[in-house]
Structure formats: structure tokens, C-alpha cells
Asker: 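One structure follows; several queries about it will come next.
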Amino acid sequence: MTENERIFWNRVLELAQSQLKQATFDFFVSDAKLIKVEQNQATILIDDMKKLFWEKNLQPVLLTAGFEVFNTELLITYVFEEDQAEKGDSSAPQSQKSPVLETLPSVHPDLNPKYSFDNFVIGDENRWAFTASTAVADLPGSAYNPLFIYGGPGLGKTHLLNAIGNAVLAENPQARIKYISAENFINEFVVHIRLQNMDELKQKFRSLDLLLIDDIQSLAKKSLAATQEEFFNTFNALHDNNKQIVLTSDRTPDDLNDLEQRLVTRFKWGLTVNITPPDFETRVAILNNKIQEYNYQFLPETIEYLAGQFDSNVRDLEGALKDISLVANFKNLDLITVEVAAEAIRARKQDSNPKMTIIPIEKIQKEVSKFYGVTVKEIQSTKRNQDIVLARQVAMYLARELTDNSLPKIGKEFGGRDHSTVLHAYNKIKNMLEQDDSLRIEMDTIKNKIK
Ligand code: ADP
Ligand code: MG
């Protein structure tokens with residue numbers, strides 16, 4: 001056994017011991033042996049009657065230890081005592097194929113073939129989500145069930161969900177797979193209720209091998225109690241039969257307010273993984289991955305420039321490449337410089353950061369006081385003259401509207417006022433603007449001076 005194999009196996013035993021009751025550990029785990037780890041594949045010798053237990057309960061442990069020691073997700077192969085005796089070191093086939101049920105209605109998986117594990121760029125922010133997704137695709141129903149992936153928009157949740165489906169389909173073309181957004185699930189439910197053929201819907205969803213539900217937060221509404229009930233029954237039917245369910249959401253199960261508690265509880269039965277926004281390095285890696293297909297070149301500094309411009313989501317990075325692509329094709333460019341990129345993405349940058357223009361609050365105070373013939377000091381003071389109060393409130397309104405500063409920060413810049421004062425001023429001016437044409441014109445004049 002190599003040093004790494006030894007460390008890996010010790011870690012597996014340690015993790016298993018910490019998670020299982022002693023008697024369970026003694027019975028199922030203590031006599032298992034690691035045969036080898038080779039080419040990302042761990043071969044483990046167990047008693048064949050214990051295989052199901054290992055698949056159901058120890059897959060996460062094996063993956064975790066594999067990840068820690070070999071920095072990759074291991075494929076696990078079990079071999080059994082008899083195999084060892086008869087054929088030496090042969091591996092038993094792994095994937096549990098579900099029986100083909102000829103009588104069932106066919107189901108369209110609705111997968112997007114564009115999304116695969118191969119074209120998903122791994123960074124620290126999505127590594128666990130990726131690893132868990134591949135584990136689920138390798139052993140649907142046995143690794144983690146359900147797998148619950150959550151994170152902000154444009155971070156690859158839909159991508160991973162489809163990648164799982166595509167991988168399972170490639171391995172087993174007979175598998176009954178369905179990708180559906182929770183939104184469409186709700187729609188289907190409503191349509192079937194109206195057409196009074198709920199049985200068909202039930203049969204369709206409950207006979208699946210793999211159900212991929214995107215954006216489950218849409219189901220979290222009080223008004224959808226009946227749909228939640230149907231989803232609950234579908235979930236149970238699938239889970240009871242070891243059929244895999246994967247869910248994505250923009251928030252954690254616990255934050256799905258207005259979702260029935262029993263569903264929240266079930267969502268937490270398996271594994272919950274988070275995806276966070278990519279850091280700079282990952283953004284560079286994603287860009288480099290995506291530009292491979294283009295027939296023009298990017299300067300490395302252009303890539304770094306782009307990675308610096310959009311930092312919260314991958315969809316924006318892709319959008320930026322599309323903007324550049326338009327320009328490059330139109331102008332027949334074969335090298336993308338920082339200047340070209342900056343010009344191409346200008347509109348998008350403003351869209352994604354409407355309040356980006358950095359206007360100092362000072363500047364707003366200065367222009368507003370000039371306009372109303374008061375001093376900046378007076379705006380920041382507590383004086384209650386009508387003119388000063390109006391100028392102060394207009395300035396606070398603009399500070400809120402034109403800058404990214406928080407209410408407390410704005411309050412601080414106005415002589416240390418409370419954030420509720422700023423909010424009050426903002427609302428008051430906002431209401432006045434709706435009724436008072438001359439104030440609206442004044443406001444536009446001031447704004448033009450500030451920008
Ligand atoms: P979400 O469902 O989380 O809102 P998507 O899966 O729709 O996000 O991702 C938005 C876009 O960004 C998709 O085109 C997807 O392929 C791409 N994307 C997101 N994360 C990655 C990644 N890690 N590697 C490659 N492409 C990614
Ligand atoms: Mg999505």
C-alpha cells in the first residue's frame with residue numbers, strides 16, 4: 001500500500017467511525033479492505049451482502065476522504081470475497097440500472113445538451129457542488145438523496161443540474177429522467193387539474209429514475225399548498241424507491257419561507273451544498289475556458305480586465321464575451337485588446353451596476369446648497385428653516401438615489417443623523433416629486449450639475 005493509500009484508508013475508517021454507531025461500524029466496515037487506488041479509482045474489498053450499505057451510507061465518506069487525499073473525486077469499485085478467490089482482482093460492475101418498464105408513458109427529459117461536467121470550470125466556490133453532482137450522477141439514488149444545491153443567480157446551478165441528467169442519460173439511455181423548473185411543475189400541475197387527469201401527472205413523475213427540479217424557491221408560496229402536497233407525494237414516492245432527486249434553489253432549505261415544513265425537512269435528508277460567487281482566479285479560468293471556441297485571440301490582460309469587471313456572476317462574464325464577439329465579428333478583429341473589450345462591454349457594465357458612478361455625497365451637498373442658496377454647513381446642521389430643510393432633504397434624496405451608500409452612511413454625512421431620518425427625507429421627496437412639477441424640474445437641473 002502506498003503512503004497516500006494508507007492515509008486515505010485511515011481517513012475513511014475515521015470518518016465512518018465518527019458517523020456510525022460502533023456496532024454498525026464493526027459489522028459493516030471493520031473487515032473491509034482497500035485493495036488499491038489507481039487512476040482515480042478506489043477498489044475496495046467487502047462482503048457482497050454489505051455492498052448496498054456501503055453504497056447508501058459510505059459514499060460521502062469515501063468521496064470526502066478521496067478529495068482530501070487525492071484532490072479529486074474517486075470512482076469507487078467494490079470487489080467481493082468470491083470474486084477475489086475466483087478471478088483474482090476483477091471489478092464488479094457498478095451502476096445499478098433500473099429495470100425498463102415498457103408500459104410506462106415515455107418522458108421527455110428536457111435536458112439542455114449544452115451543459116456538461118466537462119465544460120464546467122471548477123473553483124473553490126463550486127467544488128463541493130460539482131463533486132456532489134458527479135457523485136450523484138455516478139450512483140443515482142445512492143450517493144446523496146436528495147442533493148440540494150443553492151446559490152445566487154448565474155453561478156451554475158442549472159448547468160450542474162443538466163450536467164447530472166446528461167451524464168446519467170449517457171450512462172443509461174433507458175433511464176427515465178426529467179428536468180423541470182419548479183415554475184413549470186406548478187404549471188403542469190394546474191393544467192392537469194383543469195383537464196382532470198392528475199393520474200397521468202402522478203404516473204409520469206412517480207415513475208422517474210431521476211428528477212431534476214430547478215429553482216424550487218418558486219414553490220415556496222402559501223397559495224401553492226395543493227401543488228406542494230403533490231410535490232411532497234412525488235418526492236416520497238421517488239425517495240422510497242431510491243430514485244434520485246436533485247433540487248436547486250436561490251436560498252437554503254431553511255430560508256424557504258412558506259414551504260411546508262415537512263418538505264423542508266426532506267430537502268435536508270441528503271446533502272445540501274452551496275455555490276458562492278467565483279473569485280478572481282476562477283473568473284479568469286472560466287473566461288479562458290469559454291474563449292477556446294473563438295477564432296480570435298484575447299490578450300491575457302484583456303482576460304484579467306474582464307475578470308475584474310464582473311465579480312458576482314458567471315452569466316455576466318458570458319454576456320461580456322458575447323458583446324465582444326459581436327464587435328469582433330463586425331470589425332473582423334483577430335486580437336481583443338483591453339480597449340476593444342472596454343468599449344464592447346460599456347453598456348453592460350452600466351446595466352449591471354446602475355449606481356456604479358462614484359458620486360461623492362459632498363458633491364451632492366455642494367450642488368444642492370448652491371441651487372437653494374444655502375451653505376453646505378447649513379445642510380449638515382440641525383437648523384429648521386424651510387429653505388434649509390428642503391435643501392437638506394433633496395440632498396439626502398439624491399444621495400440615496402445616485403450613490404451606493406447605505407442609509408446610515410448617508411446619515412453620517414449629514415451631521416450624524418439617524419438612518420430613519422434619511423429614509424423619511426427620501427420618502428417625503430419622492431412623494432413630493434409625484435405631485436410637484438416644479439420640484440421635478442429643479443431636481444433634474446441639480447442632477448445634471450452633479451453628473
Ligand atoms: P444559475 O442556474 O445558478 O442561475 P446557470 O447554470 O444558468 O446559473 O449559469 C449561468 C451561465 O454561466 C451558464 O451559461 C453556465 O454555463 C455558466 N456557468 C456558470 N458557472 C460555470 C462554471 N463554473 N463553469 C462554466 N460555466 C459556468
Ligand atoms: Mg438557473
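Both counts, for ligands and for their atoms, begin at 1 and track the order of listing. All values derive from a computational prediction rather than experimental measurement.
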Asker: Is the positively charged end of R251 above the ring of Y150, judged by distance under 6.0 angstrom from the centroid and angle within 45° of the axis?
Answerer: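 That pair does not qualify as a cation-pi contact.
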Asker: Within a distance under 4.0 Å of any heavy atom of K290, pick out the atoms of ligand 1 and give their elements.
Answerer: 16 (O), 17 (C), 25 (C), 26 (N), 27 (C)
Asker: Can you tell me which residue and heavy atom of the protein come closest to atom 14 (O) of ligand 1, and the distance to 0.1 Å?
Answerer: E318 OE1, 2.6 Å
Asker: Just need the protein heavy atom nearest to atom 16 (O) of ligand 1, so name the residue and atom and give the distance.
Answerer: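 Heavy-atom neighbour on the protein nearest atom 16 (O) of ligand 1: H159 ND1, 2.7 Å.
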Asker: So, are R127 and E73 salt-bridged, with charged N and O less than 4.0 Å apart?
Answerer: no
Asker: If hydrogens are left out, which of Y115, Y150, F120, F130 has an atom nearest to atom 21 (C) of ligand 1, that is, the closest non-hydrogen atom?
Answerer: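 Minimum heavy-atom distance to atom 21 (C) of ligand 1 goes to F120.
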Asker: Would D323 and R346 count as a salt bridge (Lys or Arg N to Asp or Glu O under 4.0 Å) if you check the C-alpha gap in whole Å, the side-chain angles of each, and the deciding distance to 0.1 Å?
Answerer: CA-CA 9 Å; D323 296 342; R346 212 171 52 182; over 6 Å; no
Asker: Using a 3.5 Å cut-off on N or O atoms only, is P153 in polar contact with ligand 1?
Answerer: no
Asker: Identify the residue among T282, I275, I286 that makes a side-chain contact (heavy atoms from CB on, under 4.5 Å) with V314.
Answerer: I286
Asker: Could you tell me which atoms of ligand 1, counted from 1 in the order shown, lie closer than 4.0 angstrom to a heavy atom of N126?
Answerer: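 Ligand 1 atoms under the 4.0 Å threshold to N126: 23 (N).
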Asker: Look only at interatomic distance and state if V314 has a nitrogen or oxygen under 3.5 Å from any nitrogen or oxygen of ligand 1.
Answerer: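 There is no such contact.
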Asker: Before accepting this row, confirm whether a basic side-chain N of the pair D209/R176 lies closer than 4.0 Å to the acidic partner's carboxylate O.
Answerer: no
Asker: For ligand 1, is there an N or O atom under 3.5 Å from any N or O atom of G156?
Answerer: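 Such a contact does occur with ligand 1.
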Asker: Should R315 be counted as touching ligand 1, given the test is an N or O pair under 3.5 Å?
Answerer: yes
Asker: Write out the residue and atom name of the closest protein heavy atom to atom 4 (O) of ligand 1, then the distance separating them to 0.1 Å.
Answerer: G154 N, 2.7 Å
Asker: Any N or O of V121 that comes nearer than 3.5 Å to an N or O of ligand 1?
Answerer: yes
Asker: If we only consider heavy atoms of N119, is any one of them less than 4.0 Å away from an atom in ligand 1?
Answerer: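 For ligand 1, residue contact (heavy atoms, under 4.0 Å) with N119 is present.
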Asker: May I ask you to check if any N/O/S atom from T248 comes under 2.8 Å of the Mg ion (ligand 2)?
Answerer: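 No.
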Asker: Per the side-chain contact (heavy atoms from CB on, under 4.5 Å) rule, which among V264, I216, T265, L263 passes with P253?
Answerer: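 The side-chain contact (heavy atoms from CB on, under 4.5 Å) with P253 is passed solely by V264 among V264, I216, T265, L263.
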Asker: Within 45 degrees of the ring normal and closer than 6.0 Å to the centroid, is that where the cationic atom of R283 sits relative to F310?
Answerer: no
Asker: Please determine whether salt bridge (Lys or Arg N to Asp or Glu O under 4.0 Å) holds for the pair E318 and K290, giving the CA-CA distance in whole Å, both sets of side-chain angles, and the decisive distance to 0.1 Å.
Answerer: CA-CA 8 Å; E318 286 188 340; K290 305 228 176 239; 2.7 Å; yes
Asker: Please determine whether a side-chain nitrogen of the Lys or Arg among K430 and E434 lies less than 4.0 Å from a carboxylate oxygen of the Asp or Glu.
Answerer: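 Looking at K430 and E434, the cut-off is not met.
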